[in-house]
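What follows is a single structure, written as structure tokens, with notes after it.
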6 protein chains.
Amino acid sequence: MIHRIDRHATELPPPSDPDPNGAAAVQELMGGKFGEMSTLMTYTFQSFNFRDKQKARPFYDLIANIAAEEYGHIELVAAAINTMLTDPAAAKESFPSDSLNGMDGGANKQHFIAGGRAALPQDSNGKPWNGDYVFSSGDLIEDLTHNFFLETGARQNKLKVYQMTDHPAARALTGYLLVRGGVHQVAYARAVELLTGADLTKLFPSPRIPTDKIPECQPHIERGDHKRIYRFSPEDFKEIVAVFKGPHPETGEELEVVDGPPEGAPPNDLPAQPDVFAPDYAPEEIAQIAQKLREQAGLPDEPLGEVGVPAGGEGMVDKVKDEVKEALPG
Amino acid sequence: MIHRIDRHATELPPPSDPDPNGAAAVQELMGGKFGEMSTLMTYTFQSFNFRDKQKARPFYDLIANIAAEEYGHIELVAAAINTMLTDPAAAKESFPSDSLNGMDGGANKQHFIAGGRAALPQDSNGKPWNGDYVFSSGDLIEDLTHNFFLETGARQNKLKVYQMTDHPAARALTGYLLVRGGVHQVAYARAVELLTGADLTKLFPSPRIPTDKIPECQPHIERGDHKRIYRFSPEDFKEIVAVFKGPHPETGEELEVVDGPPEGAPPNDLPAQPDVFAPDYAPEEIAQIAQKLREQAGLPDEPLGEVGVPAGGEGMVDKVKDEVKEALPG
Amino acid sequence: MIHRIDRHATELPPPSDPDPNGAAAVQELMGGKFGEMSTLMTYTFQSFNFRDKQKARPFYDLIANIAAEEYGHIELVAAAINTMLTDPAAAKESFPSDSLNGMDGGANKQHFIAGGRAALPQDSNGKPWNGDYVFSSGDLIEDLTHNFFLETGARQNKLKVYQMTDHPAARALTGYLLVRGGVHQVAYARAVELLTGADLTKLFPSPRIPTDKIPECQPHIERGDHKRIYRFSPEDFKEIVAVFKGPHPETGEELEVVDGPPEGAPPNDLPAQPDVFAPDYAPEEIAQIAQKLREQAGLPDEPLGEVGVPAGGEGMVDKVKDEVKEALPG
Amino acid sequence: MIHRIDRHATELPPPSDPDPNGAAAVQELMGGKFGEMSTLMTYTFQSFNFRDKQKARPFYDLIANIAAEEYGHIELVAAAINTMLTDPAAAKESFPSDSLNGMDGGANKQHFIAGGRAALPQDSNGKPWNGDYVFSSGDLIEDLTHNFFLETGARQNKLKVYQMTDHPAARALTGYLLVRGGVHQVAYARAVELLTGADLTKLFPSPRIPTDKIPECQPHIERGDHKRIYRFSPEDFKEIVAVFKGPHPETGEELEVVDGPPEGAPPNDLPAQPDVFAPDYAPEEIAQIAQKLREQAGLPDEPLGEVGVPAGGEGMVDKVKDEVKEALPG
Amino acid sequence: MIHRIDRHATELPPPSDPDPNGAAAVQELMGGKFGEMSTLMTYTFQSFNFRDKQKARPFYDLIANIAAEEYGHIELVAAAINTMLTDPAAAKESFPSDSLNGMDGGANKQHFIAGGRAALPQDSNGKPWNGDYVFSSGDLIEDLTHNFFLETGARQNKLKVYQMTDHPAARALTGYLLVRGGVHQVAYARAVELLTGADLTKLFPSPRIPTDKIPECQPHIERGDHKRIYRFSPEDFKEIVAVFKGPHPETGEELEVVDGPPEGAPPNDLPAQPDVFAPDYAPEEIAQIAQKLREQAGLPDEPLGEVGVPAGGEGMVDKVKDEVKEALPG
Amino acid sequence: MIHRIDRHATELPPPSDPDPNGAAAVQELMGGKFGEMSTLMTYTFQSFNFRDKQKARPFYDLIANIAAEEYGHIELVAAAINTMLTDPAAAKESFPSDSLNGMDGGANKQHFIAGGRAALPQDSNGKPWNGDYVFSSGDLIEDLTHNFFLETGARQNKLKVYQMTDHPAARALTGYLLVRGGVHQVAYARAVELLTGADLTKLFPSPRIPTDKIPECQPHIERGDHKRIYRFSPEDFKEIVAVFKGPHPETGEELEVVDGPPEGAPPNDLPAQPDVFAPDYAPEEIAQIAQKLREQAGLPDEPLGEVGVPAGGEGMVDKVKDEVKEALPG
């Protein structure tokens, strides 16, 4: 079972200029062969299918816990795509709207037809993710070797996507994921080494991405997130420490296991997009019903959940855009 | 983000006689169009893609929280399949083994070739789950209407699978899921009713399954799990109470929201299956390495994680089979 | 647009002993690459996409009309599969039923889980039909050449399925389709010949199936159905006669165009199968509601639609089985 | 079986400026999960697989008859796509042509490579339609509930496509389909209500599309097509009247069943596109052969089939464009 | 088994201006239903599955040998795509690069994310090639008839792609393949004629492409490549001569079988593209290691393999572009 | 380009008792994610897409050459499947045959319907191979790392299939492939080591399969095939020696590069199966035509191609079965 925590693993900028072409590219990180759904589901199935786990618990705990982190990654990819698809102007269209007319050729048409300017479980060519991308052989060394390779391919994809769009949300996303993917590579390489003696750390960085030259990676490296496994459980997976330890293969710093998830940030509240009926043609009606239901249930006036940037008005969007421009490179 | 809790939502019996044909049927509940991966990913994407959530939080909280429960359901389906595929005799085979020879025609061959007698993200015909099964339109009423229908189809599938195999693990699984799926139907029907006035509760039970006649459903109904939403989060999704309330459409009992996940049960530790290299041809070598690593890390002799039935020896398997025979109907 | 006529193109025997393994094989004729959905949709799209049709109307009429016949063929394949899946004993099971338990390994599990003992748009390996099987290039000669080849492959498949099961419904189905497929081959060969001079009739029979040695083909050949195109339209497609004419390549008989569809036969009314909820767990409740609605609408006591063998009681099934045994070879 | 009637359910404008990007979007209405192939095939299989139909004939007749109407809808979607892909200038290209060079990035490349500027059974991302989109459980209430939801999703898709292109053919298409899809929703909602008592009509309109604000919907509403089921059969499906009756949920007008199909309109004869060999590189050769064959068969000089706008010359295209501009909004 | 010969079947121009949109279209010739992977794998499987081959060896030899030629065709299609994706400017980018930013909407995004500006086994809509495209029935006449049709469809596709891009590599590729595909059509038509008497040669050219009007076809026709089968084996397939003989159906020239493959040309050495890590972020490091290994192995300073245009510097690219402009039409 | 050599890489036993269930399992080695089509196409595309190859030729030569060997592996897998599907009794059936009736549930139905008792590009669940299984990133180190992992997974699959059937053809096949796959692992591990210093050889054997305990592996190990790369080219790929050298990681023996392919064996001539029309319903007619054509072409009476066991009569089959029983273990 899981507890869900309504926070993002890292902060993303709020919507600015929409970038449907870029959002279509980011889909590879969601539903591509090396996307986050593949890492999430591969490690999840490996943990479900682990046999004789009491006797090999440090390895079970490692895989099961990284699986948990990956859930936060599909969450973050979705948020980045949604941010890139949000059009502040769409809220002001009359009905029927012209806001989708003449959509850029590079866009994923189903972002608008099947979804409400929102993420889909597809790759960058619009092909749905499928279960064939999951690898769970049951052979522990083979699974770990695979996982190391899977993270390698994933990092390659992340860099490519980074280079395909300069939208601030895509850059913030890939900057973060490049760092965290690197940690998972270290973890799996270490596990393979401990089981076989093979020194996979010589392969680092793999691919040979000089992460520290990427501006959006730097804050995460400075914070130490490149050498840290978070333990995503209140009580479980405590035996990770038996595997994830020793020096980081690139920096030599000591690897560390941190109890609990990263602090992260509350998700932004993305504004309604009535032109695609998200959440409705007339979202204020839903808001009224919800408010009445909240009153009947004795809930306070303010919502109990926290968000980062509120859905807000246009003024906010402009302000945010200024801040983003200052805060982000390029 | 999520916290992962290493417990199952309900207790499953340990391995007894293997049932590969039945396990292949249970795959529909994992990777079929109406399987648990579809409910998990549909609600998860709907929660990721929710817009203007502060204004409609009771509905957001409901969807996001049911998504969290579904993670526990794919976990349980996997455990049932793995239990049904486990062959206590397989551990005693010499190399190369004959244990897979002449496998029953109804089996999913990839359970053995791609997996280590273990679950795959496929349906009952061996077709991989794919992202086309996710529905996330962004239109709140449409999404909720869809979810009601999705749970309806899912319950139909569960009953069919119940009838296709009498293996105790499949029966325990479907008995539990039929009850919990019914609760999700109630939740979505109530949400649609509150937003539109349409009285979907007249459709219950849907399909017209008399759940209380199914022996494996009865303990869950007696415990009250048919009228209860668990809140799968330490701090979030508190506004569910504004929607999930009022009388249960079939029994008239008051619906209730419970803080925290169900007590559940620790997962069984399924034994190694060396004939399919799970976790290895010689699992004791892995155990030795793990034990050494545990010592080096200062961990106690006993594993820190809890399991239900331990992987144990053959005697245990026989004993457990006796207990199961007594405890379960049919 | 279409008019739908609630009759089958030929008569099928009623349910006798169920044959799920055979029914799974017959699915190839529904949803395989060379199945009836492929012929239906290929000719339908070719007719939709035909350009400059007034100038080439005899060819347009030919393709559009054969498309119409193919609708009757998917109808017939579905009826045969449903007949083979029907289990008279299933109606008498208590709830929950054991009727699906231990299902033969060769069965398509989704026949029971996704469908109610009923046909699906899949092939004999349970893979869904897909639009890639449609060929519609817009090039008239290429489309016609393709169609000739498509019918060739389809006939090969029909013979193979004939040989894979001796269930009377499968035999009646394939006997009929082998004859009709042969007519379509003649039609397309003739069209190619008239446009290019190439004498495709030398290829007949193709594949070299001696249809007249197959008992279930014989009644259709005797009736003359091997040399006849039916015009499936009240007013349209009258220019077929400009193409479909001359001697039959195998028998030398004159080809003929018949106005209107074949007489065919009313479809059998297959009995309810409550164990798979088709049409319900308690079908009599639906019957009562329907009867009340019929009365309110002033409809007569007897249904206005005609069926062949009524859904009836068990006695009937036995009787029919006797008749079938007498009437059919093997 | 079917009779095919060579008319369209409604009139579409003739080709004007080509819009390949828009045509690619319209494909969602053909081959998407909620496209017309899904409604056609879902209802068709439900009617094939219906059990005990004499006892539940009003419901059988309803489903079987709507299935028949859907055939006319895939026909209309294909015609709109073909119209949008037609390039009057393409006919004048020398060989080899440059007409496809530099094709707009949003286009579906297979519209030109696999097809002859023509419709394909694919969705808006170029993915083929597949049989997984068909739902036919055999459980009558579940099937009807599903159908209501399917039409809901389909209407959402139609509006999105409407907004993605302002090509007159796409607008005329979606205007018509939005109205007819609404009728099917009413029909299925009424059927569910009569079987269960659940008042689904409170959900209307669903999604909350104010159809009467859409100019291209208005003529169909004015004609009464929003409250009318056409009976697409000469003799069958007469018991629909027992279900489709009572007040329209939005307007309160009495629902009505009309014998026979709508008057509709003859399809336009789309001009040859020799640059993509449709129907040939030198279409006049085919025309000559056809004319000779017609003479030999004793057919009159004028084709026996009727078309709307003839394939004609360029002057006609310009003239038609003027008329279209006058007749259509925006 | 095979011997691989590191030469191309014909010469392709070196990289000039990149054309990602055109490269995406050329993918249809690789991984489309009628692409070269389909011809390669269809003939390969037919040769693997051929029964009683000693008694029908001339036909076996024909199919097996054409299969061998097709390997050279997928090689050539890949080379053309890679040439079109190569960007000489990409080598000079700093890290992280902006070279992929704002990529043209018509591009296949996975060309850059999954591949290193390189070919993929996909079609022009980015859909992976799949085994359903292989036809191998075992029935010799049916297989040969199919092959004739497959080549017909393939030629249609090649012309369409020719018309969709004027990049010199695409034009050189399609010019060559149109001629060779025509030879395969002749071969299969002749085989069918010899087995059945059917005169398929009347269908030529099929489609009605006047190949001799296409500038890029002319050199190959002049060389005689339109009437020649190369025997792609040192010792085998010598019985082709019993089938591939007689006059060419279009020109009347005598068909001929040539021992050994065509002379062809050494492949160009496409330059590194460090922005997509092909073969690395810092390719010179790989070059140094390779050079050292070569020395250790006693290999000469110059590589033992031959290439056409060397990967070279920018000056070369410009020079080559000039030559290409002079040498190629349009 | 390639030369094709009509010999198998190793000898397979002739048909004995058919084993359709086993043949279906062996399909995983053809068309599964880790099957030989995946290794063939992955290395082939990597060689096509290799950039700056002159500077990294030892690595290019290694990959291109292993790609060539893989062609021989799909050939061998097909031959094993075909051998297992061959039924000597099928040749004696009258028409229409009952030979396919009641086919074992574990069989792949398309082996008989789509193919003529013959191999298909599918996996063990009947799912077609697809291009998504190809990995070709362009990044040399990443590609090589992937290849090492791919071979690891492939070896795991081979052992599982070995254990699923004891048919002599399957055992001979997997025995050979396990040994050759191990060589490819060594080759890729060595390449990675030379480029990065990472000592992957510590992972051997991977998976931990004690190959020397498998009887069908032993003759190949004794012959030295476990330490040998064959150079599959008359003139090219000579720089492999710069990479494939040093001690074998398991045995310490010196690795060696052999010029030219292994001696192998001529393929058996599998007998006609008229019940599935392979190569025809009446194969003797084809034989007569072929013989006449051979005479006309001046070919000698005996076919020019060599086969192992001739298609022959039944007596031969029995004799061969005896030999096989003696020669093979178990």
Side-chain angles (χ1 to χ4, degrees), chain C residues 1-7 9 31 48-49 51-58 68 71-72 78 115-116 118 121-122 128-132 134 136-140 195 232-234 236 238-239 241-242 261 269-270 272 277-280 283 286-287 289-290 293-294 297 299 303-305 307 311, chain D residues 1-7 9 31 48-49 51-58 68 71-72 78 115-116 118 121-122 128-132 134 136-140 195 232-234 236 238-239 241-242 261 269-270 272 277-280 283 286-287 289-290 293-294 297 299 303-305 307 311:
Chain C
M1 291 186 287
I2 59 170
H3 271 165
R4 193 164 170 188
I5 305 164
D6 207 5
R7 292 179 73 86
F48 289 167
N49 296 344
R51 284 170 175 282
D52 225 1
K53 77 177 77 163
Q54 287 295 59
K55 291 197 183 141
R57 186 160 281 276
Y71 191 98
Q122 299 185 347
W129 185 89
N130 77 77
D132 247 13
V134 167
S136 171
S137 74
D139 180 325
L140 179 58
L195 281 166
F232 284 85
S233 180
D236 301 305
K238 292 183 175 159
E239 300 204 0
V241 291
D269 192 9
L270 298 179
F277 283 60
D280 195 9
I286 290 178
I289 294 171
L293 291 171
R294 300 181 74 262
L299 294 172
L304 292 176
V307 295
Chain D
M1 292 186 286
I2 59 169
H3 272 166
R4 194 164 169 189
I5 306 164
D6 208 5
R7 293 179 73 85
F48 290 168
N49 297 345
R51 286 172 173 280
D52 225 2
K53 76 177 77 163
Q54 288 294 59
K55 291 195 185 145
R57 185 159 282 278
Y71 191 98
Q122 300 185 345
W129 185 88
N130 77 79
D132 246 12
V134 167
S136 172
S137 73
D139 180 326
L140 179 58
L195 282 166
F232 284 86
S233 180
D236 302 305
K238 290 183 177 161
E239 300 204 0
V241 291
D269 192 8
L270 297 179
F277 283 58
D280 195 9
I286 289 178
I289 294 171
L293 291 170
R294 300 180 75 261
L299 294 172
L304 290 176
V307 294

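Protein chains get the first letters and strands the later ones, always in sequence-line order, with residue 1 at the start of each. Only a predicted model underlies this, so the values are computations on that prediction, with no experimental measurement involved.
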Open item on the list: Please rank C:Gly31, C:Pro58, C:Pro283, C:Ala56 by heavy-atom pairs under 4.5 Å with chain D and give me the top one.
Closed with: C:Pro58
Task: Partner chain D: residue of C:Pro234, C:Ala290, C:Gly305, C:Pro128 with the largest heavy-atom pair count (under 4.5 Å) - done: C:Gly305
TODO: Taking C:Gln122 for its side chain and D:Asp132 for its backbone only, find out whether a donor-acceptor pair lies under 3.5 Å.
DONE: no
TODO: Give a yes or no answer on whether the side chain of C:Asp236 reaches the backbone of D:Asp6 with a donor-acceptor pair at less than 3.5 Å.
DONE: yes
- [ ] Quick one: which of C:Leu140, C:Leu299, C:Asn130, C:Ile5 has the most heavy-atom pairs under 4.5 Å with chain D, could you say?
- [x] C:Ile5
- [ ] Report the option among D:Val134, D:Val241, D:Val307, D:Asp280 that has the most heavy-atom pairs separated by less than 4.5 Å from atoms of chain C.
- [x] D:Val307
Task: Flag side-chain contact, heavy atom, 4.5 Å: C:Ile286 against D:Lys55 - done: no
Open item on the list: Given 3.5 Å as the limit, does a donor-acceptor pair link the side chain of C:Glu239 with the main chain of D:Leu304, or not?
Closed with: yes
Task: C:Pro261 to D:Met1 - nearest heavy-atom pair and separation - done: CB-SD, 4.2 Å
Task: side-chain hydrogen bond (donor to acceptor under 3.5 Å, both in side chains) against C:Asp269, all qualifying residues, sequence neighbours excluded - done: none
Open item on the list: Among D:Gly72, D:Ala272, D:Ala297, which residue has the highest count of heavy-atom pairs closer than 4.5 Å to chain C?
Closed with: D:Ala272
- [ ] Check whether D:Ile289 gets within reach of chain C through its side chain, its backbone, both or neither, counting any heavy atom under 4.5 Å.
- [x] side chain
Open item on the list: Quick check on D:Asp52 against chain C: is it the side chain, the backbone, both or neither that has a heavy atom closer than 4.5 Å?
Closed with: both
- [ ] Please flag which part of C:Ser137 lies under 4.5 Å from any non-hydrogen atom of chain D: side chain, backbone, both or neither.
- [x] both
TODO: Quick one: closest heavy-atom pair of D:Gly131 and C:Pro121, and the distance?
DONE: O-CG, 3.5 Å
Task: When D:Gln54, D:Lys238, D:Lys53 are compared by non-hydrogen pairs under 4.5 Å with chain C, the top option - done: D:Gln54
Task: Heavy-atom closest pair, residues D:Ile2 and C:Tyr71 - done: CG2-CD2, 3.3 Å
